J.: 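Got a structure for you, written out below as structure tokens; questions coming shortly.
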Amino acid sequence: MTDIKAEIDVLPGLDSSARLLEVEDLRVEFRTPAGVARAINGVNLHLDPGETLAILGESGCGKSVTAQAIMGILDSPPGFITGGAIRYRGVDLLKLPEEQRRKVRANHIAMIFQDALSALNPVFSVGFQLGELFRVHRGMSRQDAKRRAIELLDMVKIPAARQRINDYPHQFSGGMRQRVMIAMALALDPKVLIADEPTTALDVTVQAQIMNLLAELQRERNMGLILITHDMGVVADVADRISVMYAGKVVEEAPVLDIYARPAHPYTKALLESIPRLDLKGQKLNVIKGLPPNLTRIPAGCPFNPRCAYTRDVCRADPPPPQYDVAPGRTARCHFWTEVAGNEPAVS
Amino acid sequence: MSRPSADAEVVLETRGLVKHFPITRGIVFKTKVGAVRAVDGIDLQLRRGETLGVVGESGCGKSTLAKLLVGLEKPTAGSINVRGQDMPRLSGAALRRARRNIQMVMQDPYTSLNPRMTVGDIIGEPFDIHPEVAPRGERKRRVQELLDLVGLNPEHINRYPHQFSGGQRQRIGIARALALRPEIIVCDEPVSALDVSIQAQVINLLESLQDELGLSYIFIAHDLSVVRHIADRVAVMYLGKIVEIGTEDQIYDSPTHPYTQALLSAVPVPDPTLRGQRDQIVLEGDVPSPANPPSGCRFRTRCWKAQEICAEQEPALTAREKSAHPSACHFAEERNVVHAVE
């Protein structure tokens, strides 16, 4: 088994001293009959081993498309990557032939999805689907694969794994299905795990179980985790760094403590003020006026300017605000970030 | 937000409300082999101008409760008293008249509006069924007033639902619920399908409408933070029963039922400085099937306090020695898991 693993690990140009994952100026557009939707307009991200990066944003901000582009599972057409680079340990994934890209998936970078019921195949047993990974990627026998599948279900703490291995996805509860998804993603020991809204469809008590499990497995394996979510509560609990996305751009990037204490972009600040909190009494909710932009007609200048409380003429004019350095490891795309961050902390 | 006084008149009261869905076997000769006990004995009161939040996890029966209250499902047993009239016993014209008083806002604004009807027709449809509320000639004006009331442009009366965003569609759903000038609105997860930046808009709208029109809300949601924000009183449901009920402060600051405590402690708080300091209770396993609930206390299979008495005797929902507000636990005891700040 080890030599097969070694063979798979050999990617031309793989440099273990290079950064685990680096996304540079990524651009994705969707060519639709209604026009070209510019879903991602220059996204920069990076991830180190053992680190949790949260990508935070509302629907349509491009967070899931970013994940799909990294995984290489973007629907094309209509989706097209029009620029940028995605480097895994120095290898630009966008330049790899599909054959090698396939080996990167699951072996190096894996993903779990929001809706585990539709991500699992309903006509095969869970054991078969887990075992398939070992048979296809590792050339194991049916029997060995089944043995490994049981180990995996044990790892994600599914009770009575040996009995449940032949059950079908619909026989599992929502939380258990998400555990199966996690087992499947981690089967081949990837170095990067992308979790796209992993707990959005789950109840809070189950969400707590799943987030704890993910954190534990991440610690054990020193994995880099990209957590895609719109839930600012979950982010506060698990993330090391946060990238806030709006209209296909990272508008603010910062370590988790800084961003909650002193947001430097008006969008982040407004978001933090608009969520009801369990631990605040008689809280007044701030409203973000208007709607997220239509991606076929992103406003000129700063895309957030029609909804922003700080907007001045310069915000409406091109070019859009550049990435300002707020502090080491901290950026914000707002002309007036000093003003935004200088105000009293949004959440005290 | 003004808190309604405790002696405001009761506009809605349920007693022993039960809904069992039969489980049948066979195709030609159907025999009943069991029942899903979706709602299993609910007593609650709603006062004028008050918001009663109902929280619980999926499958606890909160949506069935909503459907029972507005008459979309017929209860298996129990009464729903709206202004002195027992809704399930009414029929014909009397039922139609009584229904005007209690309306509903649905969860999903994408599927609860007919895509082939204009906004004017959607909001005006209640007037077709209840023509005495607005005479034909006045309907357009009424619909435009309603659009204005919920913050939409009255000129958009001839547009179709797909031309509106999610938040705007939920406003249309609210306008439709308001059309017959009801006193009570049942909101079933009204903001859970919306983006965070839009949620606040709809929550604030519901609050201002309540102040303006003196509405009473039953606010059903799984998001405990939203419910804390909007509700005056909160009922916590588990497997078809209310396990704890009290004012917002009682439930959030001094919960006494272990399930409430676990539920509250599991809600992530958007403040990274509290990471690892929160008192988190992680429950084992899943919610049991409502077709075959555990004996005695229904929460005992996941409860860390469970003892023999919990399996033998079902705890009543009453105030107890260590619980000033009604709590259905033999071992009810205050435990602050949220540590709220002003």
Side-chain angles (χ1 to χ4, degrees), chain A residues 56-61 159 172-176 199 201-209 211-212 230-240 242 255-261 267 270-292 307 347-348, chain B residues 1 55-60 165-168 191 194-205 207 222-230 248-249 252-253 259 262-276 278 280-287 302 337-342:
Chain A
L56 189 76
E58 298 180 274
S59 35
C61 73
F172 288 83
S173 69
M176 288 295 156
T199 57
L202 304 176
D203 283 317
V204 279
T205 57
V206 182
Q207 166 171 291
Q209 297 170 355
M211 290 316 297
N212 288 353
H230 66 271
D231 188 329
M232 310 195 70
V234 171
V235 170
D237 266 353
V238 302
D240 298 313
I242 301 184
V256 64
L257 285 169
D258 299 346
I259 210 165
Y260 280 80
Y267 177 62
L271 267 186
L272 283 169
E273 287 168 352
S274 71
I275 41 170
R277 281 179 57 169
L278 193 66
D279 62 339
L280 291 185
K281 285 187 198 175
Q283 183 193 6
K284 183 105 186 67
L285 290 190
N286 214 340
V287 164
I288 307 178
K289 61 181 183 186
L291 305 169
R307 307 176 73 190
V347 180
S348 54
Chain B
M1 202 175 26
V55 297
E57 296 181 279
S58 41
C60 75
S165 69
Q168 288 172 322
V191 296
L194 304 176
D195 262 323
V196 265
S197 79
I198 309 299
Q199 272 190 10
Q201 295 176 359
V202 173
I203 293 172
N204 284 1
L205 171 69
E207 285 184 334
H222 69 277
D223 186 331
L224 289 115
S225 313
V226 170
V227 170
R228 163 151 229 176
H229 183 79
I230 197 164
E248 172 229 312
D249 287 347
Y252 286 85
D253 294 341
Y259 177 63
L263 198 59
L264 285 171
S265 80
V267 178
V269 170
D271 185 348
T273 59
L274 299 176
R275 189 188 290 185
R278 287 191 300 128
Q280 208 186 24
I281 308 164
V282 177
L283 288 178
E284 299 289 317
D286 292 307
V287 184
R302 300 170 80 194
V337 291
V338 176
H339 303 290
V341 287
E342 291 287 339

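In what follows, chains carry the letters A, B, and so on, assigned in the order in which the sequence lines appear, proteins first and then strands, with residues in each chain numbered from 1. Because the structure is predicted, anything quoted here is derived from the model rather than measured.
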J.: Looking at A:Ser59, A:Gly60, A:Ser173, A:Ala208, which one has more heavy-atom pairs under 4.5 Å with chain B than the rest?
T.: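 Of A:Ser59, A:Gly60, A:Ser173, A:Ala208, A:Ser59 has the most heavy-atom pairs under 4.5 Å with chain B.
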J.: Counting only heavy atoms closer than 4.5 Å, note whether B:Ile281 contacts chain A via side chain, backbone, both or neither.
T.: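 The answer is neither part of B:Ile281.
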J.: Go through A:Val238, A:Val234, A:Ile275, A:Leu202 and name the one with the most non-hydrogen pairs under 4.5 angstrom from chain B.
T.: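 Ranked by heavy-atom pairs under 4.5 Å with chain B, first place is A:Val238.
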J.: Please enumerate all residues that pass side-chain hydrogen bond (donor to acceptor under 3.5 Å, both in side chains) together with A:Asp231, with sequence neighbours excluded.
T.: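 With neighbours one apart ignored, the set is empty.
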J.: Sort B:Asn204 into side chain, backbone, both or neither according to what part of it lies under 4.5 angstrom from a heavy atom of chain A.
T.: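 Answer is side chain: those atoms of B:Asn204 sit under 4.5 Å from chain A.
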J.: Heavy-atom distance under 4.5 Å to chain A: side chain of B:Asp249, backbone, both or neither?
T.: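 Just the side chain, heavy atoms under 4.5 Å.
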J.: Measure from the side-chain N and O atoms of B:Arg302 to the backbone N and O of B:Tyr259, and report whether any donor-acceptor pair falls under 3.5 Å.
T.: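 No; judged by distance alone, with no hydrogens or angles, the pair does not exist.
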J.: A:Asp258: what forms a salt bridge (charged side-chain N to carboxylate O under 4.0 Å, His left out) with it, not counting sequence neighbours?
T.: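 Applying salt bridge (charged side-chain N to carboxylate O under 4.0 Å, His left out) to A:Asp258 gives none.
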J.: Is it the backbone or the side chain of B:Ser165 that comes under 4.5 Å from a heavy atom of chain A, or both, or neither?
T.: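 Looking at B:Ser165, just its side chain touches chain A.
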J.: Between chain A and each of B:Ala200, B:Gly166, B:Gly56, B:Ser225, count heavy-atom pairs under 4.5 Å; write down the option with the most.
T.: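 Looking at each option in turn, the highest pair count goes to B:Ser225.
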J.: Using a 3.5 Å distance criterion without hydrogens, assess whether the side chain of B:Ser265 forms a donor-acceptor pair with backbone atoms of B:Val337.
T.: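 Not confirmed, B:Ser265 side chain does not pair with B:Val337 backbone.
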J.: Answer with side chain, backbone, both or neither: which region of A:Asn286 has an atom nearer than 4.5 Å to a non-hydrogen atom of chain B?
T.: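 The backbone, not the side chain.
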J.: What heavy-atom pair brings A:Gly290 and B:Gln201 nearest, and what distance separates the two atoms?
T.: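 Nearest pair, atom of A:Gly290 first, then B:Gln201: O-NE2, 3.4 Å.
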J.: Is B:Gln280 close to chain A through its backbone or its side chain, or both, or neither, when contacts mean heavy atoms under 4.5 Å?
T.: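 The answer is the side chain of B:Gln280.
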J.: Looking at B:Val226, B:Val196, B:Ile198, which one has more heavy-atom pairs under 4.5 Å with chain A than the rest?
T.: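 Looking at each of B:Val226, B:Val196, B:Ile198 in turn, B:Val196 comes out on top.
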J.: Heavy atoms only: give me the nearest A:Val256-A:Ala239 pair and the separation to one decimal.
T.: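 Minimum heavy-atom contact is CG1-O, 3.3 Å.
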J.: Can you check whether A:Ala236's main-chain N or O pairs, donor with acceptor, with B:Arg275's side chain at less than 3.5 Å?
T.: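 A pair under 3.5 Å: yes.
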J.: Is there a side-chain contact between A:Leu285 and B:Glu207, using heavy atoms and a 4.5 Å cut-off?
T.: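 Result no, sub-4.5 Å side-chain heavy-atom pair not found.
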J.: For the interface with chain B, which of A:Asn212, A:Val206, A:Ile259, A:Val235 has the highest count of heavy-atom pairs at distances below 4.5 Å?
T.: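 Option with the top pair count is A:Asn212.
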J.: B:Tyr252 side chain to B:Leu224 main-chain N or O, any donor-acceptor pair under 3.5 Å?
T.: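 Judged by distance alone, yes, a pair lies under 3.5 Å.
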J.: Select one option (side chain, backbone, both, neither) describing which atoms of B:Val282 are under 4.5 Å from chain A's heavy atoms.
T.: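 The side chain, not the backbone.
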J.: I need the residue from A:Leu271, A:Thr205, A:Val204 with the largest number of non-hydrogen atom pairs under 4.5 Å to chain B.
T.: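 Heavy-atom pair counts peak at A:Thr205.
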J.: For the residue pair B:Gly167 and B:Val202, what are the closest heavy atoms and their distance?
T.: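 Residues B:Gly167 and B:Val202, closest heavy atoms: O-CG2, 4.2 Å.
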J.: For each of A:Lys289, A:Glu58, A:Met232, tally heavy-atom pairs with chain B at distances under 4.5 Å, and name the one with the top tally.
T.: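 When all of A:Lys289, A:Glu58, A:Met232 are compared, A:Glu58 has the most.
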J.: Check each atom of A:Met211 against the heavy atoms of chain B and say whether the ones under 4.5 Å are side chain, backbone, both or neither.
T.: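 A:Met211 has no heavy atom closer than 4.5 Å to chain B.
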